[in-house]
Amino acid sequence: MALFNVRIYGILQDEQQRLLVSDEFIRGNYFTKLPGGGLETGEGTRECLKREFMEETGLEVAIGEHIYTTDFFQISAFNNRDQILAIYYKVIAKDLSGLTTHLTPFNFQPHQIADTASCAEVFRWIAWEDLSAESMSLPIDKVVIDLLKGNG
């Protein structure tokens with residue numbers, strides 16, 4: 001039986017117009033995606049995104065304008081039964097000083113990726129001029145980047 005998996009993602013840019021991305025190690029595979037995660041029962045989409053940003057980055061964020069909601073069929077990259085419904089918002093961070101970021105993609109410590117059954121996450125900024133759909137691993141994120149860059 002197919003299930004809907006609702007995912008909420010944030011588009012956070014800093015004062016230099018760089019975009020925050022999450023480099024993730026999930027079950028032995030590497031992904032670059034936008035920060036966010038799964039909607040929980042009883043939670044609104046904006047509330048979900050605030051929670052996800054706090055859990056993942058430690059940042060308190062305000063949720064801005066709605067950017068995109070998936071308008072095509074997309075099966076989950078992590079299982080073949082869930083249909084993904086992804087919702088994207090701009091987010092504004094009140095203070096970025098506590099956020100640890102890296103310059104190199106997938107800059108994991110060896111212990112973070114030693115167990116291929118585990119998950120790990122690090123953050124980095126991508127300069128606007130270097131950003132493209134190819135910067136992202138997941139199909140819906142690619143669509144969003146094209147929209148942001150005026151290619152969609």
Just how far is it from atom [atom1] of [X] to atom [atom2] of [Y], taken to the nearest 0.5 Å?
{"X": "Thr69", "Y": "Ile140", "atom1": "OG1", "atom2": "CD1", "answer": "10.0 Å"}
{"X": "Ile67", "Y": "Leu147", "atom1": "CD1", "atom2": "CG", "answer": "9.0 Å"}
{"X": "Ile11", "Y": "Glu65", "atom1": "CD1", "atom2": "CD", "answer": "8.5 Å"}
{"X": "Leu96", "Y": "Leu12", "atom1": "CG", "atom2": "CG", "answer": "6.0 Å"}
{"X": "Tyr68", "Y": "Ile87", "atom1": "OH", "atom2": "CD1", "answer": "11.5 Å"}
{"X": "Glu43", "Y": "Leu49", "atom1": "CD", "atom2": "CG", "answer": "9.5 Å"}

Determine, using the 4.5 Å side-chain heavy-atom cutoff (strictly less than), whether [X] and [Y] are members of one ILVMFWY cluster.
{"X": "Tyr88", "Y": "Leu19", "value": "yes"}
{"X": "Tyr9", "Y": "Ile84", "value": "yes"}
{"X": "Phe53", "Y": "Leu39", "value": "yes"}
{"X": "Ile8", "Y": "Leu85", "value": "yes"}

Measure from the side-chain N and O atoms of [X] to the backbone N and O of [Y], and report whether any donor-acceptor pair falls under 3.5 Å.
{"X": "Ser135", "Y": "Leu131", "answer": "no"}
{"X": "Asp141", "Y": "Leu34", "answer": "yes"}
{"X": "Arg46", "Y": "Gly64", "answer": "yes"}
{"X": "Ser22", "Y": "Pro35", "answer": "no"}
{"X": "Lys149", "Y": "Trp128", "answer": "yes"}

For [X], is the [atom1] atom crowded, meaning more than 12 foreign heavy atoms sit under 6.0 Å from it?
{"X": "Lys33", "atom1": "NZ", "answer": "yes"}
{"X": "Asp71", "atom1": "CG", "answer": "yes"}
{"X": "Lys90", "atom1": "NZ", "answer": "no"}

Show the nearest heavy-atom pair for residues [X] and [Y], with the distance to one decimal.
{"X": "Gln112", "Y": "Ala120", "value": "O-CB, 3.7 Å"}
{"X": "Val91", "Y": "Gly10", "value": "CG1-CA, 4.0 Å"}
{"X": "Asp115", "Y": "Phe25", "value": "O-CE2, 3.6 Å"}
{"X": "Phe106", "Y": "Phe31", "value": "CE2-O, 3.4 Å"}
{"X": "Glu134", "Y": "Lys142", "value": "CA-NZ, 4.0 Å"}
{"X": "Ile26", "Y": "Cys119", "value": "CG2-SG, 4.1 Å"}

- Item | Verdict with reasoning, Leu99 to Trp125, per side-chain contact (heavy atoms from CB on, under 4.5 Å) | CA-CA 11 Å; Leu99 179 64; Trp125 295 104; 3.9 Å; yes
- Task: Would you please test Arg7 and Thr70 for side-chain contact (heavy atoms from CB on, under 4.5 Å) and show each step?
- Result: CA-CA 10 Å; Arg7 314 296 294 176; Thr70 311; over 6 Å; no
- Give me the ring orientation class for Tyr30 and Phe108: parallel if the planes are under 30° apart, tilted from 30 to 60°, perpendicular past 60°. tilted
- Parallel, tilted or perpendicular for His66 and Tyr89, by the 30°/60° rule? perpendicular
- Message: Is the shortest side-chain heavy-atom distance between Val143 and Phe72 below 4.5 Å?
- Response: yes
- Going through the checks in order, is the side-chain contact (heavy atoms from CB on, under 4.5 Å) test met by Arg81 and Leu3? CA-CA 7 Å; Arg81 72 177 196 286; Leu3 301 172; 4.0 Å; yes
- Can you spot which of Asp23, Asn107, Thr100 makes a side chain to side chain donor-acceptor pair (under 3.5 Å) with Arg124? Asp23
